[in-house]
Amino acid sequence: MLRGKSVVEDSDTLLAKGLIPIIDLAHCGTEEHPVKSVVNRVGLQLQKALPEKGFALLVNHGILEEKLKVAWQHLDNFCSLSSDVKEHYINNIEGYHGYNQNEEENSEGEHHELRYAFNITTLKISNVHEDPLPGFEEHINELAHDFKLLAGFILQSLAVSLDLNQSFLYEKHCHMLSGDNESKLCLLYYPPILEDNEKNELFKGRLQYTYQKCASDTPDFRPESDCYKTSDVSEGATALGQQLYSSGHIDYGTFTLLAQDSEGGLEVKLPGSEKWQRVGHLPGSIFINAGEMLSIWTENRYPALSHRVIIPEQEHLRVRGRHSIAFFCHPDNITMIDPTDIHHNSSTEDDLTKPRKKHVKIAKEKVYNAYQLIKRRFKKTSNSS
Ligand SMILES: O=C(O)CCC(=O)C(=O)O
Ligand SMILES: [Fe+2]
């Protein structure tokens, strides 16, 4: 048994309690012709969901579950390649594109993968050889494109939700997956956690899924020190965090879209709360959460969601590991993340009646562009770890 285990019943999840905003994207149109009424309705739903919960579940988003499953199958095939073949895909050549090696040595000098991550940062690069992985590149590129389109739609609704011109945010993210923009699609596989064998116990002790070095050869902008927060330690996670796949963190972009293959222990802290709560799994849905840049842009009107992934208590879930796909939506690098932009471009009554003093105060604060914010965050993270 894993130490400190506390079984969360299915009925204990936010989903089962009916506390998750579910946003239906059916009939939303195409990228060139989004259906205005759906854009507006989704905008209204985001306007309520993001301040209150920091996240929502998207359904009927147009990305077929089958397509996600095929991507995970491809990732599994990739993971089972020998280390020397995998090495060809390590992402140190073209920025962060490609395979993120993340292995840890146990006390006997054996290497174990903690998390496999394959990133798609641009749709142009062709660094996946067809040979050992037929169809892999075509499939993941198509999937990355689908996520980009979905993000594009959400950006338009998000702008509407902030009383901005519909294209305001969309235009500031127009280089997603094409350079000068830190957005990426990340295919993730966390190998199963086995237990009850002495060696493995030792391995688990060093496992440090909490201490996510998952992108150790690339900037992983998450606050690593978070894994030692007492709130992570409470409610079933041990001090070393053996029960966490991913420690408590916020994402740094505008928002993240996350698909999961099953109930894999995703937990969130609702805005204003210090309590970790299990989300629950709605098959086929995509989880959307606000990132740090959106919270800066909106002066915390849409707070960045704290989340983590805990290793499921249920043996049958644990032994099959976890697959997920995250699309980190970032503004173009040169975009100034300036809250006054949102004020100036919006025309709500509230905005018009806001005291002038407030604007003066905002104007005085230093404004960074998206790239500078990422660098600053990275610097902070590496200083604290
Ligand atoms: O793997 C997951 O499902 C979550 C990953 C995550 O939150 C992240 O990489 O930022
Ligand atoms: Fe995250």
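Only heavy atoms go into these numbers, but all of them, side chains included; no hydrogens, no water, no symmetry mates.
- Here Leu19 pairs with Leu14, Lys17, Lys53 under the side chain to side chain contact (heavy atoms under 4.5 Å, CB included) rule; sequence neighbours left out.
- Among residues at least two apart or in separate chains, there is no salt bridge (charged side-chain N to carboxylate O under 4.0 Å, His left out) pair with a member in residues 165-177.
- Taking the ring pair (Phe, Tyr, Trp, His ring centres under 6.0 Å) definition, one finds that His74 meets it with Phe136, His139, sequence neighbours left out.
- Residues satisfying the side chain to side chain contact (heavy atoms under 4.5 Å, CB included) test with Ser80, not counting sequence neighbours, are none.
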Discussion item. Please evaluate residues His249 and His307 with respect to the criterion ring pair (Phe, Tyr, Trp, His ring centres under 6.0 Å), reporting the C-alpha separation (whole Å), side-chain torsions for both, the decisive distance (0.1 Å), and the verdict.
Written reply: CA-CA 6 Å; His249 66 279; His307 57 288; 4.1 Å; yes

Item to complete: Check step by step if side chain to side chain contact (heavy atoms under 4.5 Å, CB included) holds for Ile154 and Ile288.
Response: CA-CA 10 Å; Ile154 296 293; Ile288 175 171; 3.6 Å; yes

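- The distance from the CG atom of Leu188 to the CG atom of Asn119 is 8.0 Å, given to the nearest 0.5 Å.
- Annotation: side chain to side chain contact (heavy atoms under 4.5 Å, CB included) contacts of Asp332 (sequence neighbours excluded): Cys174, His175, Asn181, Thr335.
- Surrounding CG of Leu44 are more than 12 heavy atoms belonging to other residues, nucleotides or ligands, all under 6.0 Å away.
- Taken to the nearest 0.5 Å, the CG atom of Leu158 stands 5.5 Å off from the CG atom of Leu169.
- A distance-only check finds a donor-acceptor pair linking the side chain of Trp72 to the backbone of Ser324 [under 3.5 Å].
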Under 3.5 Å, sequence neighbours excluded: what are the donor-acceptor pairs made by side chains of residues 25-35?
residue, atom, partner, partner atom, Å
Thr30, OG1, His33, N, 3.0
Glu31, OE2, Tyr170, OH, 2.5

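- Remark: Ser161 OG to Leu46 CG distance equals 5.5 Å, nearest 0.5 Å.
- Residues passing the side chain to side chain contact (heavy atoms under 4.5 Å, CB included) test with Cys79, sequence neighbours excluded: Leu75, Tyr116, Tyr189.
- A donor-acceptor distance shorter than 3.5 angstrom exists from the side chain of Thr298 to the backbone of Leu294, with no hydrogens or angles considered.
- For the residue pair Ser262 and His281, no side-chain donor N or O sits within less than 3.5 Å of a side-chain acceptor on the partner.
- Note on residues 148-160: pairs passing side-chain hydrogen bond (donor to acceptor under 3.5 Å, both in side chains), not counting sequence neighbours, are Gln156-Gln166.
- Partners of Phe78 under the ring pair (Phe, Tyr, Trp, His ring centres under 6.0 Å) rule, at least two apart in sequence or in another chain, are Tyr89, Tyr99, Phe118.
- Panel note: side chain Arg41, backbone Asp24; a donor-acceptor pair is recorded below 3.5 Å.
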Item to complete: Dump the intermediate steps for side-chain hydrogen bond (donor to acceptor under 3.5 Å, both in side chains) on His173 and Ser183, then the final yes or no.
Response: CA-CA 9 Å; His173 293 70; Ser183 299; over 6 Å; no

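- The backbone N or O of Gly253 lies less than 3.5 Å from no partner atom in the side chain of Asp251, so there is not a single donor-acceptor pair.
- Partners of Phe327 by ring pair (Phe, Tyr, Trp, His ring centres under 6.0 Å), not counting sequence neighbours: none found.
- The salt bridge (charged side-chain N to carboxylate O under 4.0 Å, His left out) test applied to Asp146 returns Lys67, not counting sequence neighbours.
- Contacts of Phe55 classified as ring pair (Phe, Tyr, Trp, His ring centres under 6.0 Å), with partners at least two apart in sequence or in another chain: Phe287.
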